[in-house]
Amino acid sequence: MQRIINDPDHLVDEMVEGFTLTHHDIVAPTGNPRVLKYINAPVAGKVGIVTGGGSGHKPAFIGYIGEDMIDAVAVGEIFSSPTGRSFYDAIKAADSGKGVAVLYGNYSGDNMNVKMAKAEAEDDGITVKSVVANDDVPSAPASERDKRRGVAGEILMWKVGGAKAAMGANLDDVIAAAQKAIDNTRSIGIGLSPCTIPAVGKPNFEIEPGKMELGIGHHGEPGIRVADLTTADEMAEMCLDTILPDLPFAAGDDVVALVSGLGATPVSELYVFYRKVNQILGSKNMTVFKSYVGNYFTSLEMMGVTLTLMKVDSELKTLIDHKANSVALKQF
Amino acid sequence: MQRIINDPDHLVDEMVEGFTLTHHDIVAPTGNPRVLKYINAPVAGKVGIVTGGGSGHKPAFIGYIGEDMIDAVAVGEIFSSPTGRSFYDAIKAADSGKGVAVLYGNYSGDNMNVKMAKAEAEDDGITVKSVVANDDVPSAPASERDKRRGVAGEILMWKVGGAKAAMGANLDDVIAAAQKAIDNTRSIGIGLSPCTIPAVGKPNFEIEPGKMELGIGHHGEPGIRVADLTTADEMAEMCLDTILPDLPFAAGDDVVALVSGLGATPVSELYVFYRKVNQILGSKNMTVFKSYVGNYFTSLEMMGVTLTLMKVDSELKTLIDHKANSVALKQF
Amino acid sequence: MEYFLNSEGSVVVRDIINEIRSNRDYLGEIDGAIGDGDHGINMNKGFSMAGERINQSHSFSEAAKTLGNVLMMEIGGSMGPLYGTLFKRFFRETKDHDRITAEIVLKMLESALDGVKEIGGADVGDKTMIDTLAPAVSAMRAATISHCSFRDALMKSLEAGREGRDSTKDMVARIGRSARLGERSRGVLDAGAVSCCIIMESMTESIPAILRND
Amino acid sequence: MEYFLNSEGSVVVRDIINEIRSNRDYLGEIDGAIGDGDHGINMNKGFSMAGERINQSHSFSEAAKTLGNVLMMEIGGSMGPLYGTLFKRFFRETKDHDRITAEIVLKMLESALDGVKEIGGADVGDKTMIDTLAPAVSAMRAATISHCSFRDALMKSLEAGREGRDSTKDMVARIGRSARLGERSRGVLDAGAVSCCIIMESMTESIPAILRND
Ligand SMILES: Nc1ncnc2c1ncn2[C@@H]1O[C@H](COP(=O)(O)OP(=O)(O)O)[C@@H](O)[C@H]1O
Ligand SMILES: Nc1ncnc2c1ncn2[C@@H]1O[C@H](COP(=O)(O)OP(=O)(O)O)[C@@H](O)[C@H]1O
Ligand SMILES: [Mg+2]
Ligand SMILES: [Mg+2]
Ligand SMILES: [Mg+2]
Ligand SMILES: [Mg+2]
C-alpha cells in the first residue's frame, strides 16, 4: 500500500487537523474533534444544515462546509458512519433556534446514528428534520427507491438545501427543497480499480484489468454488472442508459450534470467523459443548465467516475445558482 | 491500463472540448483548438498573462485561466510542450496592447517553443517578456538554479503575476513581481507510484512497493533518491530538510505553503502531510501566511505529493491575497 | 440453581473483547467479500477501547454497560449502534441481579434481539447479525423451558446461532452496505452474523467456567 | 558527378517517415528509461501527419519543407522545434538545386546541426540528438574533402553517427527532461540520439538507390 499516512488509526484525526489548519477562513473546530462547523455557525435566523458520513470521500463531507452551504459535519472513520454523538454535536453546533435539517446519505449506519442523534437533540428542544439521499440508481430497483444509496447527488441536495436556508426559509421549506432536489436527482458510478482502507492494508475487492464495474458504490460495493473496459464515450452512454429512464428525464428538460472522479482518475479524463454526456443529452433535446466536473465525491484512490443528473425547474435553478463559499464549491 | 479515454490521440482535444463546455462562464475557445482564453481576454488596459505546457497536470494549466489570473493558455499533448504556434496564438489572445508576460516552467521544449512564439509575436509588434519557473529544488544544485524544472510553484507565480497585472501594473512590473515570486519559491515532490501516458499504454518507470522516489519530477523524472516508504510525518520532514536550507527560509519568515497531490493520492492524506509541515514550520518559528492543500498540479494518476513554499513579504502577501476567479483557484 | 455471580462476570465480557480482537482480520476479509471490508477494524477498535476501561473488579453488568456505551457513542458505523444496543440491553436486564441464571441470560438475549431489530429495522432472512442472534435466542428459550442445564442451554443456543450464521451464506442481503447486490451477495457469509456468532461462542466458553450451583 | 534529382528525392523523406513510424514503441521505451516515455509518440505523430501531406510528386526540398513545417508548428514538445529546424534547414540548403550532390548534403547537415544547436542550446556531450548529428556531420565533411563516393560518404557519416549515438550511453544527461539525474542517467542511450540515428540510417539506405552519375 503506497500511501501518505502515519498510524492508520489516527488518519482521520490528523486529516481533520490539517484540514482545519488550512481552511481556518471557512471552517472551525468544535468541542468534538469529529465535528467541524462553518466559522459563523450557528448563523442567526437561519435553519442549520448538517450532514455527516464516513471519511475517505474528500472533499465530501467537510469540504462542503461554508457560507450558504453546510453549517456542521459529523466525521466518521474511513467508510464508516460517524457516531450518534457526533451527529448530535453537529446538530447542536448548527442550531440557531430555527431548527436543523440533517441532509445525509442512505446507509444503515448513518440512518441509525442520525436516528439516535435526532432523538437526543429533540430532548434538548431542537427541531430536527432530515432528508435521506438515495440517488444511486443501480443500488436498488425503482420500486424500492427507499433502499437506494446516496452518492454524489448529495452535493446537489446540500447546495439546494443550503441556498434555501440562506434565503431565510423555515425548516419545512428547507426540507421540502432538499427533498425535491434529491427526488429529481439520479446517479451512477463506474469503478475501474479497487481502493484500500489504510487500516485494512489491502484492497477489499478486485477489478480485473480489462474489466470495469458498472454501478459500483462509493465504498466499492459491487455494481450491477462487470463489463469489459470500454471507451469513455461508451461509458457515458451506459451511464445515461441506466439513469435517464429512471426519473425519467425527457426531451425539453433542463438538467444539472455533475461528473466526479472516484479519486485516482486523471481529471482530464473526466472532461472527456463529460463531453460525451453533454453530446448525448443535446441529441435528446435536454439542456445542461450547469455542469460540475472534478473530484467532488471520491472513494479514496479508486479509479472511476460517477455521473449525477438533476432535473431542474426554475426554483431549483435559482437555488443551484445561488452563491456558495465552501472549500470544494465556490460560486459567486 | 484502467482509464477513461477514447482514442489516446484525441484525448487532449476531447478534454479541451469537455473543459470548455463545463467552464464557459470563465473560459472561451479561440481560433486555435489548443489555445483557451479567459472569456474577457484581452482585458483592456491590462498586461496579458500567458502560460502553457504539456497536458496531464490538471487543473494546471487551463484551470488557472480566469479573472485576475491567466488570460490565455497554450495546451500541449500529454507531457509535451505546446507548439510554438499555440504559444504565439495565446500571446495574441492575451495582448491588449500593454504587452504580455509569458510565465512558464523550465523545460527544454517549452523554452524552445516560447522562444519561437516570442520572436513571431515581436514581429507583430507585441512586447513579450517571460519568467521561467525553476522552483524544483531536487532537479539541480543551487549553483545551477537556471537548470531547475518548474513545478507547482508556477501556480504561485501565476497568482502573483495575475494579481499584479490586474492591479494595473505595467509589463516590467508584472515581470518583476512574477520573478520575485518564483525566486522566493522552492518545491519538492515525492512519488509513490508511476503514471501511464495513455498513448504509451504502460508506465514508463517503476516504483517498487515499499519504496518512494524523493524529488520526483512532474512527468515521473527520477528524483534524487529512492528511499524506503515511510510515514507521512517523515515525508514532510524529508521535504522540508531539502527545501528549507535552499533559499534559505529562516526563523521569522512568513511563508505560503502549497501541498499538491500528484493525482491518485486521497486528498485526506494531503492534509495529514500538511499537518506535519505546519508543525515543523511552527517549531522553526516560521508562520504560514496562507496554505493551499489539494490537487493543484498533478501528474496523471501518479501517487505522491509535492510541497511548495514561498517566502512572502508584504508585497507578495497582498498579491497572494488578491481575489481570483479561475476554475482551480477561487478567492474572493 | 445454576448461576454465575454478576460481580465475577466481567471475565465474560473481557473474553468477548479478546475474541473479537483476535478475529479482526478474519472479519475484515468476510466483510470485504460483499461489504466494504471494515467490519474487523470497526469491531476491533470499539471493543479494544472498551477493553481498556474494563477490569476484573467490574461486574458483568458494569462491563456490559461500559462496552455498550463505548460502542454506542464512540464507534459509529453500523456496529456502534447495533452492538451498542446489544450490550446496553445486556446491562439493562442484568443490573438488578447478583446472580445471573440461564433465565436471566435468556431475557437479556431476548431484549438484545428486540433492541437490535428496533434500531436497525432488519429481520431474520436479511443476511445480518440477526440471523445468528434470533435462532440463538429461540434455542435458548426452548432449552430454558425444557430445563436444560445452563451449560447445555448455552450449547444449544450456540449451535442454533452457528446454523443461523451459516444460513446467511445462501441468503441475498437485504440490508446494510452489502444489500441490493441481488444474487451477487449470495455464497458468502455475512460479516455481522459471523461476529455475533463469535460473541456467542465466547460466552459459551466463559460462562460455564464460572458457574456456581447452590 | 554523383547526385540525385531533387524532383525524385521525396522518397528519401518518405522513407525517413516510415522508419520513424515503425520505431515508435522502441523510441518510447528508450525515452521511458530516463525521460518521460513519449518520444516515440511525439515523433510518430509529427512524422505521420507530415506523411499524409507528402507524395511522390513532391521534390526532396518540398517534402523536407512540409515535414519541417509540420514539426515546427504542429507538434510541440522538444521534438517539434528541434527536428522542425533540422528539416527546414534541409529545405533551405537544397531548394535552389535540381541536383543534390554529396557537397549539398554536407551543407544541409552542417546547417541543420547549427540550427539545432542554436534553438536548443545543447552541444556535444550533453546526451542529446546532437551527439549523433555532430560526429555524422564531421565524418561527412572529411569524406567529402577526401572525395569519397557519395555512398561511401554517407556510410562513413552513418558510422560516425552510430558511434555518437552509442557514446550517449555513458554520458550523464545535461539537457532535456532526463537531464540532472546526475549519475542515474548514465547507462542508457539517449532517445533523441537514437531517433536521429534512425534518420541517418534511412538516408544512407534511400539515397544510394536513386543516385545518378553523369
Ligand atoms: N440494519 C441492520 N440491522 C442489523 N444488522 C445490520 C444492519 N446493517 C448492517 N448490519 C450488520 O452490519 C454488518 C456490517 O458491519 P460493518 O462492516 O462494521 O459496518 P458498515 O456496513 O457500515 O461498513 C453486516 O454484515 C450486518 O450483519
Ligand atoms: N535542448 C536540446 N537540444 C537538443 N536535443 C534535445 C534538447 N532537449 C531535448 N533534446 C532531445 O529530445 C529528446 C527527448 O525528446 P521527447 O521525449 O520527444 O521530448 P520531451 O523531452 O519533451 O519529452 C532527448 O532524448 C534529447 O535527445
Ligand atoms: Mg463501513
Ligand atoms: Mg514529453
Ligand atoms: Mg463494513
Ligand atoms: Mg520525452
Side-chain angles (χ1 to χ4, degrees), chain A residues 1-7 10-12 14-19 21-23 55-56 58-59 63 78 190 192-193 195 207 209-210 212 229 231-233 235 259 263-276 278 288 291-295 298 300-301 303-305 325 327 330 332, chain B residues 1-7 10-12 14-19 21-23 55-56 58-59 63 78 190 192-193 195 207 209-210 212 229 231-233 235 259 263-276 278 288 291-295 298 300-301 303-305 325 327 330 332:
Chain A
M1 192 185 43
Q2 299 292 92
R3 298 277 281 279
I4 303 176
I5 52 169
N6 298 304
D7 182 340
H10 303 152
L11 173 51
V12 174
E14 292 174 350
M15 174 273 284
V16 167
E17 214 183 296
F19 187 87
L21 282 168
T22 297
H23 304 295
S55 293
K58 252 323 82 1
I78 302 284
I190 295 185
L192 273 66
S193 83
C195 60
I207 296 176
M212 63 185 200
L229 187 63
T231 62
D233 284 359
M235 290 183 206
V259 171
T265 294
V267 172
S268 345
E269 299 176 16
L270 305 178
Y271 287 107
V272 171
F273 177 88
Y274 173 65
R275 172 184 164 274
K276 186 65 183 182
N278 184 286
V288 179
S291 58
Y292 298 92
V293 179
N295 284 315
T298 63
L300 295 170
E301 87 293 13
M303 284 259 174
V305 63
N325 187 15
V327 170
K330 288 184 197 288
F332 294 86
Chain B
M1 192 185 44
Q2 300 292 94
R3 298 277 281 279
I4 304 176
I5 53 170
N6 298 303
D7 182 340
H10 303 152
L11 172 52
V12 173
E14 291 174 350
M15 176 273 285
V16 167
E17 214 183 297
F19 187 88
L21 281 167
T22 297
H23 304 295
S55 294
K58 244 346 63 6
I78 301 284
I190 294 184
L192 272 67
S193 83
C195 60
I207 295 176
M212 62 185 202
L229 186 63
T231 61
D233 284 358
M235 291 183 204
V259 172
T265 294
V267 172
S268 344
E269 299 174 17
L270 306 177
Y271 287 107
V272 171
F273 177 88
Y274 174 65
R275 171 184 164 274
K276 185 66 182 183
N278 184 286
V288 179
S291 58
Y292 299 92
V293 179
N295 284 315
T298 62
L300 295 171
E301 86 293 14
M303 283 259 174
V305 62
N325 187 15
V327 170
K330 287 183 197 288
F332 292 85

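The analysis underlying the following values was restricted to heavy atoms, covering all of them including side chains, and did not include hydrogens, waters or symmetry mates. Just so we're on the same page: letters track the sequence lines, and every chain starts at 1. Worth saying up front: this structure is predicted, and the values here are computed from it rather than measured.
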Contact origin within [X] toward chain B - heavy atom pairs under 4.5 Å:
X        : result
A/Asn278 : side chain
A/Thr22  : both
A/Phe19  : both
A/Leu229 : side chain

| message | I'd like to know whether A/Leu11 forms a side-chain contact (heavy atoms from CB on, under 4.5 Å) with A/Ile78, so could you lay out the CA-CA distance, the side-chain angles of the two residues, the decisive distance to 0.1 Å, and finally the verdict. | response | CA-CA 9 Å; A/Leu11 173 51; A/Ile78 302 284; 3.9 Å; yes

Most contacts with chain A, counted as non-hydrogen pairs under 4.5 angstrom, among [options]:
options                               : value
B/Asp233, B/Thr265, B/Asn325          : B/Asp233
B/His23, B/Lys276, B/His10, B/Met212  : B/His23
B/Val272, B/Ile4, B/Val259, B/Thr231  : B/Ile4
B/Met15, B/Met303, B/Glu14, B/Met235  : B/Glu14
B/Ser268, B/Pro59, B/Pro209, B/Gly263 : B/Ser268

| request: I would like to know whether A/Ile207 and A/Leu192 meet side-chain contact (heavy atoms from CB on, under 4.5 Å); could you show each step before the answer? | output: CA-CA 7 Å; A/Ile207 296 176; A/Leu192 273 66; 5.7 Å; no

| field | Residue pair A/Ile5, B/Phe273: steps toward the side-chain contact (heavy atoms from CB on, under 4.5 Å) verdict | value | CA-CA 8 Å; A/Ile5 52 169; B/Phe273 177 88; over 6 Å; no

| field | Heavy-atom closest contact (A/Leu300 atom, B/Pro266 atom, distance) | value | C-CG, 3.8 Å

| message | Regarding B/Glu301 and B/Arg3, does a basic nitrogen lie under 4.0 Å from an acidic carboxylate oxygen? | response | yes

| Looking only at atom types and distance, does a side-chain atom of A/Gln2 sit under 3.5 Å from a main-chain N or O of B/Gly210, one as donor and one as acceptor? | yes

| request: Using modelled atom types only, decide if a donor and an acceptor are shared between the side chain of A/Thr298 and the backbone of A/Lys58 within a distance under 3.5 Å. | output: yes

| request: Return the option, out of A/Val327, A/Val12, A/Val267, with the maximum number of heavy-atom pairs under 4.5 Å with chain B. | output: A/Val267

